[in-house]
**Q** 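Okay, here's the structure, questions in a sec.
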Amino acid sequence: MDQTRLSKWLKAVIIGTGICGSVIYFFVCPYFGCSMTGTYPEFSSWYWPGLIFLWATAIPCYTVLVYGWKIVDEISKDNSFCVKNARRLKVISILAAADSTFVFIGNIVFLLLNMNHPGVFLLALLVVFAGIVITVVSAALSHLVLKAAKLREENELTI
């Protein structure tokens, strides 16, 4: 598979991820929240704080998609192993760690305020674990891409 074809597939995956995320964040979750408040009116005070918290967690996710798009642009230029991509992967690692921390602390706060169900908290722990996995993988990739970029730079200097 050549670089341009690979980059087209990766861009399609990024676009698909963005669309699926938008559907979940802005249609599915509000719909289920509304149906939950209709069925259980005692939870109606949880709707907006929970929805705003959920939307706040979307900001780093879409920022990561933007950085991913920039990485794919470099791949399409046949410049996969460059210092810019290493820095972008490092930023993705930091964003994933920050979002995981935000989700964890936010769910603990909601649990302490009696605005969270223990089952939702356990589900949030899975999301936090996935964020930690993304953090570790992107940090490792950042390190490897940086080493490969330095090797490539050294090889270009030797003739």
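As a basis for the values below, the full set of heavy atoms in this structure was taken, side chains included, without hydrogen atoms, waters or symmetry mates.
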**Q** Is the shortest heavy-atom distance from the side chain of S142 to the side chain of R88 under 4.5 Å?
**A** no
**Q** Measure the spacing between CH2 of W69 and CG of L10 and express it to the nearest 0.5 Å.
**A** 10.0 Å
**Q** Does F81 reach the side chain of L144, with side-chain heavy atoms less than 4.5 Å apart?
**A** no
**Q** Using atom types as modelled, flag every donor-acceptor pair under 3.5 Å from a side chain in residues 28-36 to any protein atom, sequence neighbours excluded.
**A**
from: S35; atom 1: OG; to: Y31; atom 2: O; distance (Å): 3.4
from: S35; atom 1: OG; to: F32; atom 2: O; distance (Å): 2.9

**Q** Indicate the ring-plane relationship of Y62 and Y25, choosing parallel, tilted or perpendicular according to the 30° and 60° boundaries.
**A** tilted
**Q** Using a cut-off of 6.0 Å, state whether more than 12 heavy atoms not belonging to Q3 lie near its atom CD.
**A** yes
**Q** What I'd like to find out is whether the side chain of K8 reaches to under 4.5 Å of the side chain of V13, using heavy atoms alone.
**A** no
**Q** Could you tell me the separation between the OG1 atom of T4 and the CD1 atom of I75, rounded to the nearest 0.5 Å?
**A** 12.0 Å
**Q** Does any part of the side chain of K150, heavy atoms only, come nearer than 4.5 Å to the side chain of L146, both counted from C-beta?
**A** yes
**Q** Any chain of hydrophobic side-chain contacts (each under 4.5 Å) joining I59 to I52?
**A** no
**Q** Quick one: CE on M115 to OH on Y47, what's the gap to the nearest 0.5 Å?
**A** 13.5 Å
**Q** Taking atom CZ of F53 as the centre, does the number of heavy atoms from other residues, nucleotides or ligands within less than 6.0 Å exceed 12?
**A** yes
**Q** Counting only heavy atoms not in K90, do more than 12 fall under 6.0 Å of its NZ?
**A** no
**Q** Which residues satisfy the salt bridge (charged side-chain N to carboxylate O under 4.0 Å, His left out) test with R87, sequence neighbours excluded?
**A** none
**Q** How long is the straight-line distance from OG of S76 back to CZ of R5, given to the nearest 0.5 Å?
**A** 15.5 Å
**Q** Taking the side chain as every heavy atom from C-beta outward, state whether I92 and I71 have any atom pair closer than 4.5 Å.
**A** yes
**Q** Just wondering, are more than 12 heavy atoms of other shown residues or ligands nearer than 6.0 Å to CZ in F121?
**A** yes
**Q** Which atoms form the tightest heavy-atom contact between E42 and S45, and what is the distance?
**A** O-OG, 4.3 Å
**Q** Give the cluster check for L89 versus V91: same hydrophobic cluster or not, with ILVMFWY residues linked at side-chain heavy-atom distances below 4.5 Å.
**A** yes
**Q** Taking a hydrophobic cluster as the set of Ile, Leu, Val, Met, Phe, Trp and Tyr residues connected by side-chain heavy atoms closer than 4.5 Å, whether directly or through intermediates, do I132 and L125 fall within one such cluster?
**A** yes
**Q** Measuring from I14:CD1 to S7:OG, what's the distance to the nearest 0.5 Å?
**A** 10.0 Å
**Q** Rounded to the nearest 0.5 Å, what separation is found between the NZ atom of K84 and the CG atom of D73?
**A** 10.0 Å
**Q** Please tell me if the side chains of L126 and L122 come closer than 4.5 Å, counting only heavy atoms from C-beta onward.
**A** no
**Q** Kindly indicate, with the supporting measurements, whether the criterion side-chain hydrogen bond (donor to acceptor under 3.5 Å, both in side chains) is fulfilled by E74 and N85.
**A** CA-CA 8 Å; E74 290 295 326; N85 279 352; 5.4 Å; no
**Q** Less than 3.5 Å apart, which donor and acceptor atoms pair up between the side chains of residues 95-113 and the rest of the protein, not counting sequence neighbours?
**A**
from: S100; atom 1: OG; to: A96; atom 2: O; distance (Å): 2.9
from: T101; atom 1: OG1; to: A97; atom 2: O; distance (Å): 2.8
from: N107; atom 1: OD1; to: N116; atom 2: ND2; distance (Å): 2.8
from: N107; atom 1: ND2; to: V103; atom 2: O; distance (Å): 2.9

**Q** Flag yes if L6 and Y67 sit in one hydrophobic cluster, no otherwise; membership is Ile, Leu, Val, Met, Phe, Trp, Tyr, and two members link when side-chain heavy atoms are under 4.5 Å apart.
**A** yes
**Q** Is there a side-chain contact between L51 and W48 in this structure, where contact means two heavy atoms from C-beta onward sitting under 4.5 Å apart?
**A** yes
**Q** When you group the ILVMFWY residues by side-chain heavy-atom contacts below 4.5 Å and let the links chain together, are L65 and W55 in the same group?
**A** yes
